[in-house]
Every structure is written in C-alpha cells, then in structure tokens.
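The first residue in the sequence is number 1, and the count goes up from there. Note that the coordinates shown come from a computational prediction; the quantities given were computed from them, not determined experimentally.
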Amino acid sequence: ARYVYWIKGENDKNIPFECLSFDREKEAFTNLEKDWVREYYPDLKCGWSYAIQCVHGGKVKVLNLKKKLLEQILVAAEDLGDPADPETGWDVHFKRVKTGPMAYNVEYQLQALKCKPRPLDESELELITDLKSMDEVLPRPTPDAQKELLDRIRAGSSNSDTDESIDEEFQVS
C-alpha cells in the first residue's frame with residue numbers, strides 16, 4: 001500500500017511520485033519526511049495505490065491495482081483462499097471497463113467465475129524462486145532524490161538520460 005502523486009513529465013508522460021507523508025509499514029500518514037511534491041504542487045492530491053507482483057506472459061511484472069479491484073480480490077480470497085499460494089492459489093481475471101471520456105475513467109472488475117484454483121507450473125515456480133520484496137522492486141525515494149527529480153522535470157530538461165533515470169528510480173512502465 002502506498003499513496004502516489006501523478007505529475008506530467010517530459011513527452012506528456014505521467015510519472016508517479018511517492019507521497020513521502022505516507023508510511024508504507026504503518027499504512028498511515030505520519031508526515032515525518034519532507035514531501036517536496038506538496039511544496040512544489042500544493043494543490044495536487046495524492047491517491048491511494050497498491051502494487052503487487054504477478055506472473056503474466058512468462059514474466060514477473062508489477063501490477064498497480066485500483067482500490068476497488070483490490071477489495072474485490074480480497075472478498076474472493078475469503079472463498080477461494082490466498083491467490084498467491086503456489087499450490088492452491090488462483091489466477092486473477094478482471095476486465096477493464098471504460099466509465100467516461102478521460103483516460104483515467106476506467107473501472108476494473110474482477111471476473112470471479114473465471115478465477116479457478118491452479119498450481120503454478122515449473123516455469124512459473126522458477127520465476128518466483130528469487131522474488132524480491134516490493135520495497136526492493138519499488139524503493140521508497142529519499143526526500144533529496146524526490147526533490148532532485150522534481151527539479152529536473154520542472155526545468156524541462158530534454159536530456160534523454162533523464163527519462164532513463166526516471167524509469168530506474170520509479171519503475172515507470
């Protein structure tokens with residue numbers, strides 16, 4: 001669980017910036033660290049975000065879930081068990097439904113009847129053998145790193161290295 005801001009960067013690409021006021025472990029706003037996004041964009045609000053790792057297309061990928069889909073998965077887990085269990089887990093099937101004219105007007109609906117228990121096959125088990133923690137996959141930036149990236153974006157740098165460092169630091173896909 002985390003909260004993120006979405007800031008338009010180069011090439012009109014939205015970049016997620018972690019809300020440093022939110023403590024992942026406590027799942028609460030503690031305001032213990034300097035959050036530069038609040039300083040530079042006082043009217044911008046952060047939004048709830050939940051990221052998980054999943055196996056899809058023969059690769060481990062990060063999937064950002066909207067709150068409603070996560071809640072639907074948790075309800076289904078009450079009947080089907082832990083979807084992440086390698087032996088008794090189940091595939092999560094959902095559909096994307098457009099709810100309005102804007103790009104963010106999207107709803108994800110769990111297709112519970114398609115979510116059948118299935119053990120992972122050998123290739124999938126191999127993929128998750130050395131699975132990293134989410135804190136390693138999506139490391140929380142320091143306030144200084146957040147400020148540095150914000151300063152580069154606000155300066156409008158056209159350096160191609162900036163795009164690469166954004167991808168590395170914040171796992172933009």
With sequence neighbours excluded, what pairs up with Thr99 under the side-chain hydrogen bond (donor to acceptor under 3.5 Å, both in side chains) test? none
Would you list the atom pairs, donor with acceptor, under 3.5 Å between side chains in residues 40-47 and any protein atom, with sequence neighbours excluded?
| residue | atom | partner | partner atom | Å |
| --- | --- | --- | --- | --- |
| Tyr40 | OH | Lys147 | NZ | 3.4 |
| Tyr40 | OH | Asp151 | OD1 | 2.6 |

If I take atom NE2 from residue His56 and atom CG from residue Leu127, how far apart are they, to the nearest 0.5 angstrom? 13.0 Å
Going by chain and number, the hydrophobic cluster around Leu113 (ILVMFWY, side chain to side chain under 4.5 Å) further includes none
Could you verify whether a donor N or O on one side chain and an acceptor N or O on the other, from Asp121 and Ser123, lie under 3.5 Å apart? yes
Evaluate whether atom NZ of Lys114 has more than 12 neighbouring non-hydrogen atoms of other residues, nucleotides or ligands under 6.0 angstrom away. no
Counting C-beta onward and ignoring hydrogens, is there a side-chain heavy-atom pair between Tyr5 and Ile15 closer than 4.5 Å? no
Side chains of Gln53 and Leu63: does their closest heavy-atom pair fall under 4.5 Å? no
Trace of the side-chain contact (heavy atoms from CB on, under 4.5 Å) decision for Val97 with Val106: CA-CA 6 Å; Val97 179; Val106 176; over 6 Å; no
How does the hydrophobic cluster around Trp6 look, that is, which other residues are in it when side-chain heavy atoms under 4.5 Å mark a link? Val4
If two hydrophobic side chains count as joined below 4.5 Å and joins carry through other members, does Val55 share a cluster with Leu131? yes
Residues which pass ring-ring contact (aromatic ring centres under 6.0 Å, His included) with Phe22, listed by chain and number, not counting sequence neighbours: Tyr3, Phe29
I'd like to know if the side chain of Arg140 and the backbone of Leu20 have a donor-acceptor N/O pair within less than 3.5 Å. yes
When rounded to the nearest 0.5 angstrom, what distance separates CD in Glu122 from CG in Leu120? 11.5 Å
Does any pair with a residue in residues 90-111 pass salt bridge (Lys or Arg N to Asp or Glu O under 4.0 Å), and if so which ones, sequence neighbours excluded? Lys68-Glu107, Asp91-Arg118
Not counting sequence neighbours, which residues clear side-chain contact (heavy atoms from CB on, under 4.5 Å) with Thr88? List them please. Asp85
Do Glu33 and Ser21 come close enough that some side-chain heavy atom pair is under 4.5 Å? no
Separation between CG of Leu65 and CD of Gln72, rounded to the nearest 0.5 Å: 10.5 Å
Are Asp135 and Arg24 packed together at the side-chain level, in the sense that at least one heavy-atom pair is separated by less than 4.5 angstrom? yes
Kindly compute the distance separating CD (Glu148) from CH2 (Trp36), expressed to the nearest 0.5 Å. 12.5 Å
Quick note, ring pair (Phe, Tyr, Trp, His ring centres under 6.0 Å) partners involving residues 106-148, not counting sequence neighbours, are Phe94-Tyr108
Smallest separation among heavy atoms of Trp90 and Cys115, with atom names: CE3-CB, 3.4 Å
Find out if a path of hydrophobic residues (ILVMFWY) with successive side-chain heavy-atom gaps under 4.5 Å connects Trp48 to Leu110. yes
Worked check of side-chain contact (heavy atoms from CB on, under 4.5 Å) between Ile7 and Val37: CA-CA 9 Å; Ile7 297 175; Val37 176; 3.9 Å; yes
Distance-only check: which donor-acceptor pairs under 3.5 Å involve side-chain atoms of residues 73-82, not counting sequence neighbours?
| residue | atom | partner | partner atom | Å |
| --- | --- | --- | --- | --- |
| Asp82 | OD1 | Ala84 | N | 2.8 |

Kindly write out the residues that satisfy side-chain contact (heavy atoms from CB on, under 4.5 Å) with Lys8, not counting sequence neighbours, or none if the list is empty. Asp12, Asn14
Ion pair present between Arg2 and Glu27, side-chain N to carboxylate O less than 4.0 angstrom? no
Thr129 meets the side-chain contact (heavy atoms from CB on, under 4.5 Å) criterion, sequence neighbours left out, with none
Where do Gly9 and Ile153 come nearest, in terms of heavy atoms and distance? CA-CG2, 4.1 Å
What is the distance from atom CD1 of Ile128 to atom SG of Cys54, rounded to the nearest 0.5 Å? 12.0 Å
Salt bridge (charged side-chain N to carboxylate O under 4.0 Å, His left out) with Glu39: which residues, sequence neighbours excluded? Lys34
Working to the nearest 0.5 Å, report the span between CD of Gln111 and NE2 of His93. 8.0 Å
Please evaluate residues Gln146 and Phe17 with respect to the criterion side-chain contact (heavy atoms from CB on, under 4.5 Å), reporting the C-alpha separation (whole Å), side-chain torsions for both, the decisive distance (0.1 Å), and the verdict. CA-CA 8 Å; Gln146 184 191 59; Phe17 278 81; 4.0 Å; yes
